[in-house]
Enquirer: 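One structure follows; several queries about it will come next.
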Amino acid sequence: MTPRLVRVLLWGGLAFLWLPVVLLVGYAFSASSVPFRWGGFSLRWFAALAANDRLLEAAWLSLRVAAGSATLAVLLGGATGWVLARHGAFAGRSLLGTLAGAPLVLPEVVTGLSLLLLFVALEGATGWPAGRGALTVLLAHATLGTAYVAVIVQSRLATRDRDLEEAAQDLGATPAAAFATVTLPLMAPALAAGWLLAFTLSLDDVVLASFTSGPSGTTLPVALFSMLRLGMTPEVNALATLLLAAAALTLGLVGLLLRGRD
Amino acid sequence: MRVALRLVPGLWLALLVAAPLALVFVLAVSWQSNGVPPYDPPWAGQGTNPDNLRLLLEDPYYRASLAQSFVVAALTAGLCLLLAAPMGIAIARAGRWRNALLAAVLLPFWTGFLIRIGAWIGLLRDEGWINAVLRGLGLTQDAIPLLYTHGAMLLGMVYAYLPFAVLPVFAAATRLDPVLEEAAADLGATPGHAFLTVTLPQLFPALAAAFLLVFIPAAGEYVIPELLGPPDATLVGRVLFQEFFQNRDWPVASALALALLALLTGPILLFQRLGRAQ
């Protein structure tokens with residue numbers, strides 16, 4: 001019953017989304033030093049990438065910041081989502097919900113600017129954090145990640161009613177034991193999805209990192225952004241190919257794991 | 001114990017969400033200075049400074065910047081919706097191909113946002129792929145300037161935000177009851193007519209949510225205008241960066257952030273209402 005035009009637009013939209021990606025991957029193997037020009041098959045841009053210390057250093061920093069901020073976001077966002085879903089009505093609940101959701105709807109330039117102002121004011125008042133770098137970027141990303149994790153965890157718990165936890169307590173479990181053996185396993189898929197999302201957001205962020213990084217905290221997106229301002233290079237094609245391969249592999253593994261469970 | 005567990009996220013959010021936003025308000029009425037940090041707060045002796053906010057209202061440069069941002073954001077969200085509505089609906093109805101098609105929409109995302117924008121730089125430049133194809137087809141002799149135009153910026157914005165718009169439409173379309181459309185067909189409606197009069201109206205809240213989901217972040221977008229747009233595409237995100245980093249005028253940058261926030265309050269509240277309603 002779907003009109004033909006709708007299906008045509010689906011394939012058109014998919015072609016639009018994929019065209020740059022397919023070309024990117026194809027031309028990553030071109031010997032030409034002009035991006036998107038074919039100069040015969042070559043792996044020279046992958047070799048150039050492996051020799052680009054600045055980019056590799058930035059990538060390593062980005063991975064650590066992303067892992068650290070995603071972990072912090074899971075701990076704090078998990079607690080926030082659980083409190084919002086399971087603590088009933090308490091004073092300050094709606095304020096907590098508003099604050100937890102705010103980073104999701106604020107434009108990133110506003111969040112970035114506001115966090116920088118906080119770090120500068122904190123340093124002026126207490127001496128900490130001394131300057132800005134990887135730590136301040138990590139805190140900024142964890143703030144954004146917390147909001148996403150909180151929403152995912154809250155909506156996951158909202159679809160499961162509290163009977164299970166209450167049953168565990170009726171059967172003699174302490175509240176802590178009921179939490180550890182019943183609630184936590186219920187939250188686990190949401191925590192895992194939230195960690196991955198926070199990790200990806202951190203790896204992709206330019207704006208928050210630009211505001212909060214200072215000279216010592218150049219993450220991969222910040223380094224790439226300054227490269228791209230001068231134009232595109234074939235090295236970026238090679239980097240994109242590697243990232244896409246890693247993403248496809250991860251997605252395939254996750255798919256296999258989920259299929260195994262059902 | 002339970003109260004302590006509420007306090008941890010509460011304090012974290014108070015420190016890293018509420019306090020920073022409060023500082024934006026303070027900075028918007030502060031004075032620019034040559035010190036470190038380059039501002040004097042109202043309690044440093046000079047009182048509150050009304051000039052930053054007044055500047056935004058009176059200087060045509062800032063007014064035009066805010067207006068241009070909202071026009072570009074609305075165009076981006078509208079164009080995204082034109083593609084995302086049919087895509088979301090078609091994927092929801094694709095049967096066993098549903099998950100594969102959904103993955104096809106989301107997978108390009110994982111190459112990284114900047115890299116995909118970078119790809120468009122390579123495609124759109126004078127000696128880029130699109131101009132080469134046009135020359136190869138004999139459609140043009142000289143390179144057509146594509147990069148650093150308003151069109152390139154809009155293309156990049158639609159490209160980057162399209163998947164965000166597909167998801168809410170898809171989610172709502174999977175919950176539709178096919179019986180209603182069948183009933184319309186039984187009563188004599190053509191498939192196109194049934195689609196327009198029965199299916200589309202049920203999706204209206206999801207379409208509005210998809211529009212706002214793109215519109216809100218697009219209004220403050222900085223990276224895409226900077227990489228693909230012309231120098232005169234002075235969207236508010238770009239002006240804010242310029243005031244902050246080049247002019248080191250933190251108070252005016254904060255006033256701009258406040259103005260953007262004030263103008264987005266309506267769309268944000270509407271978006272949250274639509275989210276709760278679903």
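A quick note: this is a predicted structure, and the numbers were derived from the prediction, not measured. Scope of the values below: all heavy atoms of this structure, side chains included, with no hydrogens, waters or symmetry mates. Naming: A, B, ... by sequence-line order, numbering from 1 per chain.
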Enquirer: How far apart are the closest heavy atoms of B:Pro86 and A:Leu9, and which atoms are they?
Expert: CG-CD1, 3.4 Å
Enquirer: Identify which part of B:Glu226 has an atom lying under 4.5 Å from any heavy atom of chain A, answering side chain, backbone, both or neither.
Expert: side chain
Enquirer: Quick one: does B:Met87's side chain get under 4.5 Å of A:Leu17's, heavy atoms only?
Expert: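 Contact flag for B:Met87/A:Leu17 side chains = yes.
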Enquirer: Which value, rounded to the nearest 0.5 Å, describes the distance between A:Leu84 atom CG and B:Arg6 atom CZ?
Expert: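 One finds 10.5 Å between CG of A:Leu84 and CZ of B:Arg6.
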Enquirer: Is chain A contacted by the side chain of B:Thr199, its backbone, both, or neither, given a heavy-atom distance below 4.5 Å?
Expert: neither
Enquirer: Quick one: of B:Leu106, B:Leu123, B:Ile121, who has the most non-hydrogen atom pairs under 4.5 Å with chain A?
Expert: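 Of the candidates given, the most pairs with chain A belong to B:Leu123.
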Enquirer: Taking B:Ala94, B:Gly118, B:Ala103, B:Ala218 one by one, which has the highest count of heavy-atom pairs under 4.5 Å against chain A?
Expert: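 Of the options given, most contacts go to B:Gly118.
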Enquirer: So how far is it from A:Asp204 CG to B:Ile115 CD1, rounded to the nearest 0.5 Å?
Expert: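 A:Asp204 atom CG to B:Ile115 atom CD1 measures 8.5 Å (nearest 0.5 Å).
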Enquirer: Taking all heavy atoms of A:Ala121 and all of B:Leu23, pick out the closest pair and write down the distance.
Expert: CB-CD1, 4.0 Å
Enquirer: Which answer fits A:Ala240, side chain, backbone, both or neither, if we ask what part of it has an atom under 4.5 Å from a heavy atom of chain B?
Expert: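 For A:Ala240, heavy atoms of backbone and side chain both lie under 4.5 Å from chain B.
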Enquirer: Please tell me if the side chains of B:Phe241 and A:Leu113 come closer than 4.5 Å, counting only heavy atoms from C-beta onward.
Expert: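 B:Phe241 does not reach A:Leu113 side chain to side chain.
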Enquirer: By a 4.5 Å heavy-atom criterion (distance strictly below it), what part of A:Leu72 contacts chain B: side chain, backbone, both, or neither?
Expert: side chain
Enquirer: Between A:Leu10 and B:Leu101, is there a side-chain heavy-atom distance shorter than 4.5 Å?
Expert: yes
Enquirer: Looking at A:Thr80, A:Val109, A:Leu76, A:Val207, which makes the most heavy-atom pairs under 4.5 Å with chain B?
Expert: A:Leu76
Enquirer: With a 4.5 angstrom heavy-atom cut-off, which part of A:Phe211 approaches chain B: side chain, backbone, both or neither?
Expert: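 For A:Phe211, heavy atoms of backbone and side chain both lie under 4.5 Å from chain B.
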Enquirer: B:Leu213, B:Leu114, B:Val236, B:Val24: which one forms the most heavy-atom pairs within less than 4.5 Å of chain A?
Expert: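 The residue among B:Leu213, B:Leu114, B:Val236, B:Val24 with the greatest pair count is B:Leu114.
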Enquirer: Can you tell me which portion of A:Thr146 sits under 4.5 Å from chain B's heavy atoms? Options are side chain, backbone, both or neither.
Expert: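 When you check distances to chain B, only side chain atoms of A:Thr146 fall under 4.5 Å.
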Enquirer: Would you say that A:Leu14 contacts B:Val105 through its side chain, given a criterion of any heavy-atom pair below 4.5 Å between the two side chains?
Expert: yes
Enquirer: Tell me, side chain or backbone of A:Leu23 under 4.5 Å from chain B's heavy atoms, or both, or neither?
Expert: side chain
Enquirer: Under a 4.5 Å heavy-atom cut-off, does chain A meet the side chain of B:Leu107, its backbone, both or neither?
Expert: both
Enquirer: How many angstroms lie between atom CG of A:Leu117 and atom CZ of B:Phe25, to the nearest 0.5 angstrom?
Expert: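 The distance works out to 12.5 Å.
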Enquirer: Dump the intermediate steps for side chain to side chain contact (heavy atoms under 4.5 Å, CB included) on B:Leu16 and A:Phe119, then the final yes or no.
Expert: CA-CA 9 Å; B:Leu16 285 151; A:Phe119 294 140; 4.3 Å; yes
Enquirer: Identify which part of A:Ala142 has an atom lying under 4.5 Å from any heavy atom of chain B, answering side chain, backbone, both or neither.
Expert: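 Backbone plus side chain of A:Ala142, per the 4.5 Å heavy-atom cut-off to chain B.
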Enquirer: Is A:Val110 close to B:Leu21 at the side-chain level, that is, under 4.5 Å between some pair of heavy atoms?
Expert: yes
Enquirer: How about B:Trp12 and A:Thr143: do any of their side-chain heavy atoms sit closer than 4.5 Å?
Expert: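 Result yes, sub-4.5 Å side-chain heavy-atom pair found.
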Enquirer: Select, from B:Ile216, B:Val8, B:Leu147, B:Leu162, the one with the greatest count of heavy-atom pairs under 4.5 Å involving chain A.
Expert: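 Among B:Ile216, B:Val8, B:Leu147, B:Leu162, the one with the most close pairs to chain A is B:Leu162.
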Enquirer: Please enumerate all residues that pass side-chain contact (heavy atoms from CB on, under 4.5 Å) together with A:Ser32, with sequence neighbours excluded.
Expert: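 For A:Ser32 the side-chain contact (heavy atoms from CB on, under 4.5 Å) partners, ignoring immediate neighbours, are A:Ser30, A:Val34, A:Arg37.
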Enquirer: Go through the atoms of B:Phe244 and report whether side chain, backbone, both or neither lie under 4.5 Å from a heavy atom of chain A.
Expert: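 The side chain, not the backbone.
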Enquirer: Can you tell me how far OG of A:Ser114 sits from CG of B:Leu258, rounded to the nearest 0.5 angstrom?
Expert: 11.5 Å
Enquirer: Between A:Val206, A:Leu228, A:Leu75, who has the most heavy-atom pairs with chain B when the cutoff is under 4.5 Å?
Expert: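 Looking at each of A:Val206, A:Leu228, A:Leu75 in turn, A:Leu228 comes out on top.
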Enquirer: Do the side chains of A:Pro103 and B:Val17 get nearer than 4.5 Å, heavy atoms only?
Expert: yes
Enquirer: Hey, could you give me each pair passing ring pair (Phe, Tyr, Trp, His ring centres under 6.0 Å) that has a residue in residues 224-251 of chain A? Not counting sequence neighbours.
Expert: A:Phe225-B:Tyr222
Enquirer: Within the supplied structure, the quantity of interest is the number of heavy atoms (other residues, nucleotides, ligands) at a distance under 6.0 Å from A:Trp38 CH2; does it exceed 12?
Expert: yes
Enquirer: Which region of A:Val120, side chain (C-beta onward) or backbone (N, CA, C, O), has a non-hydrogen atom less than 4.5 Å from a non-hydrogen atom of chain B, or is it both or neither?
Expert: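 For A:Val120, the contact with chain B is made by the side chain alone.
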Enquirer: Quick check: are there more than 12 heavy atoms from other residues, nucleotides or ligands sitting under 6.0 Å from CH2 of A:Trp18?
Expert: yes
Enquirer: For A:Leu24, is it the side chain, the backbone, both or neither that has a heavy atom under 4.5 Å from a heavy atom of chain B?
Expert: side chain
Enquirer: Less than 4.5 Å to any heavy atom of chain B: does that hold for the side chain of A:Pro107, its backbone, both, or neither?
Expert: side chain
Enquirer: Does a side-chain heavy-atom distance below 4.5 Å link B:Leu155 with A:Phe16?
Expert: yes
Enquirer: Using the side chain to side chain donor-acceptor pair (under 3.5 Å) criterion, which residues pair with B:Tyr159? Sequence neighbours excluded.
Expert: none
Enquirer: Let's go through B:Trp129 and A:Leu19 carefully: what are the C-alpha distance in whole Å and the side-chain angles of both, what is the deciding distance for side chain to side chain contact (heavy atoms under 4.5 Å, CB included) to 0.1 Å, and is it a yes or a no?
Expert: CA-CA 11 Å; B:Trp129 192 80; A:Leu19 171 82; 4.3 Å; yes
Enquirer: For chain B, find which of A:Leu116, A:Thr241, A:Leu203 contributes the most heavy-atom pairs closer than 4.5 angstrom.
Expert: A:Leu116
Enquirer: Quick check on the interface: out of B:Ala104, B:Pro217, B:Gly237, B:Gly88, who has the most heavy-atom pairs with chain A under 4.5 Å?
Expert: B:Ala104
Enquirer: Of all the residues in residues 87-97 of chain A, which have a heavy atom that comes within less than 4.5 Å of a heavy atom in chain B?
Expert: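 Hits under 4.5 Å: A:His87, A:Phe90, A:Leu96.
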Enquirer: May I ask you to name which of A:Leu106, A:Thr111, A:Val8 has the most heavy-atom pairs under 4.5 Å with chain B?
Expert: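 Counting heavy-atom pairs under 4.5 Å, the top option is A:Leu106.
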